[in-house]
Amino acid sequence: MKIVDVKLGMLRVPLVTPFKTALRTVDAVEDVVVMLETDTGHIGYGNAPATAVITGDTHGSVIEAVRTVFTPLLLDREVADLNRLTRQIQGAMINNTSAKAAVEIALFDLFAQSYKTPLYRILGGGENSLTTDITISVDYIEKMVADAESAVDRGFEILKLKVGKDIGLDIERIRAVYAAVKGRALLRLDANQGWSPKQAVLAIRGLEEAGVLLELVEQPVKANNLEGMRYIAERVRTPIMADESVFGPQEVMKVIDQRAADIINIKLMKTGGISNALKIADIAELHDVECMVGCMLETSIGVSAAAHMAAAKAPVVSKLDLDVPSLCQYDPIVGGASYKDADIILNETPGLGIEKIEGLQLLA
Ligand SMILES: C[C@H](N)C(=O)N[C@@H](CCC(=O)O)C(=O)O
Ligand SMILES: [Mg+2]
């Protein structure tokens, strides 16, 4: 199976409610979609969102990278040469992790299709049924409480509260949501780098002393402040998770070495795709460090690729934050994994199992 064409498209899906974090507010998912076509008539799909505040990637940078760097590298190449291809994709340019991820996801999709096997089975197998949390955007307190209650009514048992805008108000937000859903849902927090190390310790200790049980706190301080992450991790009982602080395997080794976090959030858009995500899970497993598999605000192409990878890497991947299909007004991807509130069922069809994409705007 040889790659004979690389096509690009744009896909936009409106959200049910605006997605608000300490870093940005958006009201739709908008991705560059990569399609790798083969001489056998197969298509491998990948996607890349423009999460410039985290990865530095924009739609323009993704399109340019795919066109000028990855397309020449992929054309006329055998899909069966997967490992050599992924090494070349990773080495062809620095950064640009979302573009690399889109291309790698499409390539792994084709690789699994070439064996007529679902992606998670090609990656080593596992359970085809997974459970995700859902994100509650940072907002005024009554809205967060209402969103949390409606998520619990939909069956979500883990809520990821976005905080990091204002520490005083954040504590009120957390206490209010905790009181509203106590005993019905577990809370994890994501400050998206919005706190200082001292603020984080005071806030988390205060919540611990007040009996507010938190599963974990994700990325409390700036991505590059590993000392700050360690400062917090050493002073609180609640586990601290690194998200923006870790992109590839090198950063994971540094975080583990410096004891800067208890848990690692693996996202394909940070790792540059599946090959590095697998390495990170293996490194973490060797060091007895748990992982979560998360996603950016991206379409279910990438979310599904992450879910397949997560299934194959259980139990070191013990947590999921793959909620975007539940945040969207509809899913334009036909075929593939299915999403129903907290439940994700992986496809048993080859690769990612994508049959078609509705509303895709092909780029010339
Ligand atoms: C969508 C997911 N639940 C999430 O919160 N992901 C990121 C932020 C993604 C974005 O801004 O697109 C995270 O920080 O964990
Ligand atoms: Mg995060």
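These values consider heavy atoms only, across backbone and side chains, with no hydrogens, waters or symmetry-generated copies. One-based numbering, in listed order, for ligands and for the atoms of each.
Annotation: side chain of Ile167 is not in contact with side chain of Leu202 (no heavy-atom distance under 4.5 Å). Arg84 is listed as a side-chain neighbour of Arg77, based on a closest heavy-atom distance under 4.5 Å. Counting heavy atoms from C-beta on, the side chains of Cys295 and Asp323 come closer than 4.5 Å. Using a 4.5 Å cut-off on side-chain heavy atoms (C-beta onward), Glu348 and Tyr120 make contact.
Closest to atom 3 (N) of ligand 1 among all protein heavy atoms lies Thr135 OG1, 2.8 Å. Scanning the protein for heavy atoms near atom 14 (O) of ligand 1, the closest one is Asn192 ND2, 2.8 Å. Among all protein heavy atoms, the one lying closest to atom 10 (C) of ligand 1 is Arg24 NH2, 3.4 Å. The closest protein non-hydrogen atom to atom 1 (C) of ligand 1 is Asp323 OD1, 3.5 Å.
Contact atoms of ligand 1 toward Glu218: 15 (O) (distance under 4.0 Å to a heavy atom of the residue). Distances below 4.0 Å separate heavy atoms of Lys267 from the following atoms of ligand 1: 6 (N), 7 (C), 13 (C), 14 (O), 15 (O). Close approach of ligand 1 to Asp190 is summarised as follows: ligand atoms under 4.0 Å from at least one heavy atom of the residue are 13 (C), 14 (O), 15 (O). Near Lys160, meaning under 4.0 Å from any of its heavy atoms, are these atoms of ligand 1: 5 (O), 13 (C), 15 (O).
For a threshold of 3.5 Å applied to N or O pairs, the pair formed by Glu244 and ligand 1 contains no separation below that value. At least one N/O-N/O distance between Lys162 and ligand 1 falls below 3.5 Å.
When non-hydrogen atoms are compared, ligand 1 lies under 4.0 Å from the side chain of Asp243 (C-beta onward) but not from its backbone. At a 4.0 Å heavy-atom cut-off, ligand 1 touches Leu297 through backbone and side chain alike. The proximity of Val53 to ligand 1, defined as any non-hydrogen pair under 4.0 Å, does not occur for either the backbone or the side chain. Of all the heavy atoms of Leu23, none lies under 4.0 Å from any atom of ligand 1, so neither backbone nor side chain is involved.
For Cys295, the closest heavy-atom approach to ligand 1 falls below 4.0 Å. Taking a 4.0 Å cut-off on heavy atoms, Thr21 fails to register as neighbouring ligand 1. In this structure, Gln219 does not count as a contact residue of ligand 1, since none of its heavy atoms falls inside 4.0 Å of the ligand. The shell of residues lying under 4.0 angstrom from ligand 1, judged by heavy atoms, excludes Glu298.
In summary, Lys2 and Asp39 do not engage in a salt bridge, as defined by a charged side-chain N under 4.0 Å from a carboxylate O. Look at Asp139 and Lys165 and you find no salt bridge, because none of the NZ, NE, NH1 or NH2 atoms lies under 4.0 Å from a carboxylate O. Ion pairing of Asp133 with Lys319 is absent here, as no side-chain N (NZ or NE/NH1/NH2) approaches a carboxylate O to less than 4.0 Å. With respect to Asp170 and Arg173, a salt bridge is recorded, a charged nitrogen being found less than 4.0 Å from a carboxylate O.
The option from Ile136, Asp321, Val29, Ile134 that lies nearest to atom 4 (C) of ligand 1, judged by heavy atoms, is Asp321.
The Mg ion (ligand 2) lies closest to atom OE2 when only the N/O/S atoms of Glu218 are considered. The Mg ion (ligand 2) is closest to atom OD2 of Asp190 (considering only N, O or S atoms). Nearest N/O/S atom of Asp243 relative to the Mg ion (ligand 2): this is OD2.
With hydrogens and angles left out, the side-chain atoms of Ser245 and Glu251 include no donor and acceptor closer than 3.5 Å. Under 3.5 Å, the side chains of His42 and Asp109 contain no donor-acceptor pair of N or O atoms.
Using a 4.5 Å cut-off between side-chain heavy atoms of Ile, Leu, Val, Met, Phe, Trp and Tyr, with links allowed through other members, Leu123 and Leu268 fall into the same hydrophobic cluster.
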Check against salt bridge (charged side-chain N to carboxylate O under 4.0 Å, His left out), Asp243 and Lys267 | CA-CA 8 Å; Asp243 179 7; Lys267 290 182 190 156; 2.7 Å; yes

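The nearest N, O or S atom of Asp321 is not closer to the Mg ion (ligand 2) than 2.8 Å.
Atom CD1 of Ile141 is separated from atom CG of Leu169 by 5.5 Å, given to the nearest 0.5 angstrom.
Remark: of the listed residues Ile357, Val34, Ile301, Ile301 is the sole one forming a side chain to side chain contact (heavy atoms under 4.5 Å, CB included) with Asn47.
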